[in-house]
Amino acid sequence: MNLSKLFATQKVLRDRINYSESDRFDKLILALLVELGECANEWRGFKFWSKDQEPRRIKECGFCSGEGNGFFSGSQYTGYKEKCIACDGTGLDKNKNPLLEEYVDGLHFVLELGIELGYESIRIKPHLTVYREKTISKQFIFVSNFASRISDEDHYDYLYLTNAFLVLGEMLGFTWEQIEQAYFAKNEINHQRQENGY
């Protein structure tokens, strides 16, 4: 698993944002913790009080508002709505994965913390059991604990955090290819947001 390309890509966005106040490191940690919470919320597996504990892997279609139809047939309005071409009439956008999107948002901050600590690449060993808890709930807690402990002088906890975070992605069912593709897609959106004054 090669993170050097992701570090380089993240550094471009980091330099564009250009925030260099003394609270930067603390804000990055807090941002990561928030994204972990948002990812857990899309995973839903901890919500023992709810009957709906299925991960949010598909979003309602944005073109037809989840109705499954919405494009008029023919060149003139006939009153008949055809099946939505964006979701193929299902009402669900198969190109949107809220769980993966939140996970990748967290990855942006993992990389940011690495850049703060001077990393341009890192050797990843997510197959080692030392980075893996028995359940996804415990893995979220494990990652959060390491994120909370990191200091700008402690590289050991950062290495644990990075490996444990990548194991979390694996436990959530993502391949490295899916993670990388989603990361680059979200990075492009983040650049567009900078252009638009987000």
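Numbering of residues begins at 1 and proceeds along the displayed sequence. Heavy atoms only: backbone and side chains are in, while hydrogens, waters and symmetry mates are out.
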* Structure fact -> Taken to the nearest 0.5 Å, the spacing of L32 CG from S148 OG works out to 8.5 Å
* **Chi angles and distances behind the side-chain contact (heavy atoms from CB on, under 4.5 Å) call for F142, L168** => CA-CA 9 Å; F142 189 57; L168 175 63; over 6 Å; no
* Aromatic ring centroids of Y103 and F165 under 6.0 Å? -> yes
* **Minimal non-hydrogen separation, Y131 against Q139, with atom names** => O-NE2, 2.9 Å
* **Atom pair CG (D157) and CZ (R149), whose distance is rounded to the nearest 0.5 Å** => 4.5 Å
* Asked: Charged N to carboxylate O under 4.0 angstrom, E116 versus R14?
  -> yes
* With a 6.0 Å cut-off on ring centres, are W43 and F140 close enough? -> yes
* To do: Would you give the length of the straight line joining atom CG of N190 to atom CZ of R16, rounded to the nearest 0.5 angstrom?
  => 10.0 Å
* Asked: Is a side-chain donor or acceptor of R44 paired with a backbone partner of D52 at a separation under 3.5 angstrom?
  -> yes
* Asked: OG1 of T135 to CD of E133: how many Å apart, nearest 0.5 Å?
  -> 7.5 Å
* Asked: Taking atom CG of L113 and atom CG of L161, what is their separation to the nearest 0.5 Å?
  -> 7.0 Å
* State whether the side chain of Q181 and the backbone N or O of Q178 hold a donor-acceptor pair below 3.5 Å, judged by distance alone. => no
* To do: Would you sort out whether E170 and R132 count as a salt bridge (charged side-chain N to carboxylate O under 4.0 Å, His left out), showing the intermediate values?
  => CA-CA 10 Å; E170 184 181 290; R132 182 181 303 272; 2.3 Å; yes
* Answer yes when E21 and K27 have at least one side-chain N-carboxylate O distance shorter than 4.0 Å, and no when they do not. => no
* **Salt-bridge criterion met for R24 and E112 (N-O under 4.0 Å)** => yes
* Asked: Do the ring planes of Y156 and Y160 sit parallel (below 30°), tilted (30 to 60°) or perpendicular (above 60°)?
  -> tilted
